[in-house]
Student: 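Encoded as structure tokens, here's the structure I'll be asking about.
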Amino acid sequence: MISARFFHAGKQYTGCTITGHADYSEEGTDVICAYVSATVQTVANLMTEIFHLPILAEEQEEPARVSLQLSGKDPSGNAQRLFAGLELQLGELSRVFPANIQLIHVEV
């Protein structure tokens with residue numbers, strides 16, 4: 001199962017960590033893993049390469065783990081919008097495939 005943990009300080013996102021595998025189908029053909037990977041990579045690229053936000057992005061292959069952490073102030077509010085968009089996308093997926101992906105909210 002994929003676990004998407006969204007970290008909050010009050011109403012503000014501070015980061016997210018996505019771990020695990022969907023186990024929906026065989027490796028290389030798992031559409032849920034592909035969807036999550038593409039969505040997370042797009043948001044990470046928007047944060048770091050397009051908006052140049054103060055984000056620490058880390059990726060690990062085994063065990064599968066991606067972490068996006070706010071590392072400074074973002075007066076533009078774009079980090080909050082992008083975290084909210086990522087949570088919305090993954091939340092929609094988890095409603096359709098609850099056995100394969102779960103969202104967890106953590107207060108920090």
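Just the heavy atoms: all of them, side chains too, but no hydrogens, waters or symmetry mates, feed the values below.
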Student: Within the side chain of R81, is there an N or O that forms a donor-acceptor pair under 3.5 Å with the backbone of G77?
Tutor: yes

Student: Provide the closest heavy-atom pair for T19 versus T17 in the form atom of the first, atom of the second, distance.
Tutor: CG2-CG2, 3.8 Å

Student: Determine whether F7 and E107 satisfy the following criterion, side-chain contact (heavy atoms from CB on, under 4.5 Å), listing intermediate values before the conclusion.
Tutor: CA-CA 6 Å; F7 301 97; E107 183 68 27; over 6 Å; no

Student: Start with the C-alpha distance between S25 and V31, add both sets of side-chain angles, then the distance that settles side-chain contact (heavy atoms from CB on, under 4.5 Å), and finish with yes or no.
Tutor: CA-CA 8 Å; S25 64; V31 295; 5.9 Å; no

Student: As an exercise, state the distance from CG of L70 to CG of L56, rounded to the nearest 0.5 Å.
Tutor: 9.0 Å

Student: List the steps, then state whether side-chain contact (heavy atoms from CB on, under 4.5 Å) holds for F6 with T14.
Tutor: CA-CA 8 Å; F6 287 87; T14 61; over 6 Å; no

Student: Are the side chains of N45 and I50 in touch, meaning some heavy atoms are under 4.5 Å apart?
Tutor: no

Student: Supply the atom-to-atom distance I55 CD1 to L46 CG, rounded to the nearest 0.5 angstrom.
Tutor: 11.5 Å

Student: Q69 and S71: side-chain donor and acceptor closer than 3.5 Å?
Tutor: no

Student: List the atom pairs, with distances to 0.1 Å, where a side-chain N or O of residues 87-105 and a protein N or O form a donor-acceptor pair under 3.5 Å, not counting sequence neighbours.
Tutor:
residue, atom, partner, partner atom, Å
E87, OE1, Y13, OH, 2.2
E87, OE2, H105, NE2, 2.2
Q89, NE2, Y35, OH, 2.8
E92, OE2, R95, NH2, 2.7
S94, OG, G91, O, 2.8
N100, ND2, A22, O, 2.9
Q102, NE2, S3, OG, 2.8

Student: First locate atom SG of C16, then atom NE2 of H8, and finally report the distance between them rounded to the nearest 0.5 Å.
Tutor: 9.5 Å

Student: Start with the C-alpha gap between L68 and M47, add the side-chain angles, then the distance that decides, and say whether side-chain contact (heavy atoms from CB on, under 4.5 Å) holds.
Tutor: CA-CA 9 Å; L68 302 170; M47 289 178 161; 4.2 Å; yes

Student: Return the CD to CG distance between Q12 and D74, rounded to the nearest 0.5 Å.
Tutor: 9.5 Å

Student: From D23 CG over to C33 SG, what is the distance, rounded to the nearest 0.5 angstrom?
Tutor: 7.0 Å

Student: If you draw a 6.0 Å radius around CD in E62, do more than 12 non-hydrogen atoms from other residues or ligands fall strictly inside?
Tutor: yes

Student: OG of S37 to CD1 of I18: how many Å apart, nearest 0.5 Å?
Tutor: 9.5 Å

Student: Q80: what forms a side-chain hydrogen bond (donor to acceptor under 3.5 Å, both in side chains) with it, not counting sequence neighbours?
Tutor: none

Student: Any pair with a residue in residues 47-60 that passes side-chain hydrogen bond (donor to acceptor under 3.5 Å, both in side chains), sequence neighbours left out, goes on the list, sorted by first then second residue, please.
Tutor: none

